[in-house]
Amino acid sequence: MKRKLLAVIVAIMVAVPTFAQYSSGGFRLDEENLYYGVRIGMNVSTINGDTQYFTSDGTKAGMTLGGVIGLRLSDTTPIFLESGLYYTEKGGKGDDTKQGSEKMNTTTSLNYLEIPVLVKYGFKANDDIALLPFFGPYFDVAIGGKTAKHSAFNEGYFKRSDVGFKLGCGMEYNMLYLELGYQFGLSNISKSEDFSAHNGAFFANFGVNF
């Protein structure tokens, strides 16, 4: 998986000079009605809760990969609604005390399919660059995950679904797109009645819009 990710990143970096030549692919706030794009990037995530009991006090890095589609909502104002489908890796690092009195360092990996529903407002920074701050909910369904050597979804561990909120800002130059932001889970993803747990992640994504 890591080799495939590295190959994708290298391919995108090689293609950047080619994409930048096409000014016809630029994001025109007064003309854009529909766009779609691809995204690749990373999360730096944590699991936060009211106890360290299977929650995380350290960060975990993971990848994101997805596709998006955006629709203009107003003829007079550059407001867009964007959604899509992402594969995203979250989780965290912490102390697992469920195995006994001795603390054990553990890594929790939670891998999701994610659907965001974001509202974006665009404005020009200059003639070539558009800034698009955004916010909105996201909906996650886990397709895999581990805590230490166990499934992260065993009894007393974590739920497969999560709902949260994303906010951040994107920047577009011609066809190239970069965004930074933070997402925080609103759902308690813990199956245990003894503690609560919530996802949180800083993210950075790079992509191309068409």
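Along the sequence shown, residues carry numbers from 1.
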request  = May I ask you to decide whether K166 forms a salt bridge with E114, counting only side-chain N to carboxylate O separations under 4.0 Å?
outcome  = yes
query = Taking the side chain from T88 and the backbone from Y112, do they hold a donor-acceptor pair closer than 3.5 Å?
reply = no
ask   = Counting N and O atoms only, with roles assigned by atom type, does the side chain of S74 sit under 3.5 Å from a partner on the main chain of T76, one being a donor and the other an acceptor?
value = yes
task = Could you tell me whether K120 sits above the aromatic face of F80, with NZ or CZ closer than 6.0 angstrom to the six-membered ring centre and within 45 degrees of the axis?
result = no
request  = Taking N126 for its side chain and I129 for its backbone only, find out whether a donor-acceptor pair lies under 3.5 Å.
outcome  = yes
query = Does Y182 OH have over 12 foreign heavy atoms under 6.0 Å away?
reply = yes
task = Check T106 against A148 and note the closest heavy-atom contact, atom names and distance.
result = CG2-CB, 4.4 Å
Between N205 and Y86, a side-chain donor and acceptor under 3.5 Å = no
task = Supply the atom-to-atom distance T108 OG1 to H150 NE2, rounded to the nearest 0.5 angstrom.
result = 11.0 Å
key: Between NZ on residue K146 and CG on residue N111, distance to nearest 0.5 Å   = 10.5 Å
key: Hphob cluster co-occupancy, L167 + L180, side-chain heavy atoms under 4.5 angstrom   = no
note = For V117 and S83 the tightest heavy-atom approach is CG2-OG, 4.4 Å
inquiry  = Applying a strict under-4.5 Å side-chain criterion to I, L, V, M, F, W and Y, I'd like to know whether Y177 and F203 cluster together.
reply    = yes
query = Hey, does the side chain of T77 reach the backbone of I79 with a donor-acceptor pair shorter than 3.5 angstrom?
reply = no
query = Do you know which two heavy atoms are closest between S151 and Y157, and how far apart they sit?
reply = O-CD2, 4.0 Å
task = Measure across G84 and P116 and return the closest heavy-atom pair with its distance rounded to 0.1 Å.
result = O-CD, 3.6 Å
inquiry  = Given R39, which partner from the list N209, L178, L65, T64 fulfils the side-chain contact (heavy atoms from CB on, under 4.5 Å) test?
reply    = N209
ask   = Hey, are the side chains of T59 and F202 touching, using non-hydrogen atoms and a 4.5 Å cut-off?
value = no
request  = If you link ILVMFWY side chains whenever their heavy atoms are less than 4.5 Å apart, which other residues fall into the same cluster as M42? By chain and number, please.
outcome  = V44
task = Group every Ile, Leu, Val, Met, Phe, Trp and Tyr by side-chain heavy-atom contacts under 4.5 Å, then state whether M175 and Y36 land in the same group.
result = yes
key: Shortest non-hydrogen separation from L186 to D162 and the atoms involved   = N-OD1, 4.4 Å
inquiry  = Is there a path of hydrophobic side-chain contacts, each under 4.5 Å between heavy atoms, that joins V163 and F135?
reply    = yes
ask   = Is L110 close to I47 at the side-chain level, that is, under 4.5 Å between some pair of heavy atoms?
value = yes
Cluster link L113 to I40, ILVMFWY, side chain under 4.5 Å = yes
ask   = Donor-acceptor pair, S45 side chain versus G91 backbone, under 3.5 Å?
value = yes
ask   = Would you say the side-chain atoms of S190 pair up with the backbone N or O of F195, donor to acceptor, closer than 3.5 Å?
value = yes
task = Taking E89 for its side chain and M63 for its backbone only, find out whether a donor-acceptor pair lies under 3.5 Å.
result = yes
remark   = Applying side chain to side chain donor-acceptor pair (under 3.5 Å) to K60 and not counting sequence neighbours gives none
ask   = Got a sec: does the NZ of K159 have more than 12 other heavy atoms crowding it under 6.0 Å?
value = yes
inquiry  = How long is the straight-line distance from CD of E172 back to CD of E179, given to the nearest 0.5 Å?
reply    = 11.0 Å
message = Nearest 0.5 angstrom please: Y35 OH to E82 CD, how far?
response = 3.5 Å
query = Considering only heavy atoms from C-beta outward, does the side chain of Q183 approach that of Y138 to under 4.5 Å?
reply = yes
ask   = Heavy-atom distance under 4.5 Å between the side chains of L118 and L81, does that happen here?
value = no
ask   = Which pair of heavy atoms, one from L34 and one from G70, lies closest together, and at what distance?
value = CD1-O, 3.1 Å
inquiry  = Side chains of L71 and N33, heavy atoms from C-beta outward: is any pair under 4.5 Å?
reply    = no
C169 SG to L132 CG distance, which is reported to the nearest 0.5 Å = 7.0 Å
key: N/O donor-acceptor pair under 3.5 Å between K90 side chain and G62 backbone   = no
request  = Quick one: do N48 and F184 satisfy side chain to side chain contact (heavy atoms under 4.5 Å, CB included)? Show the steps, please.
outcome  = CA-CA 10 Å; N48 306 297; F184 51 93; over 6 Å; no
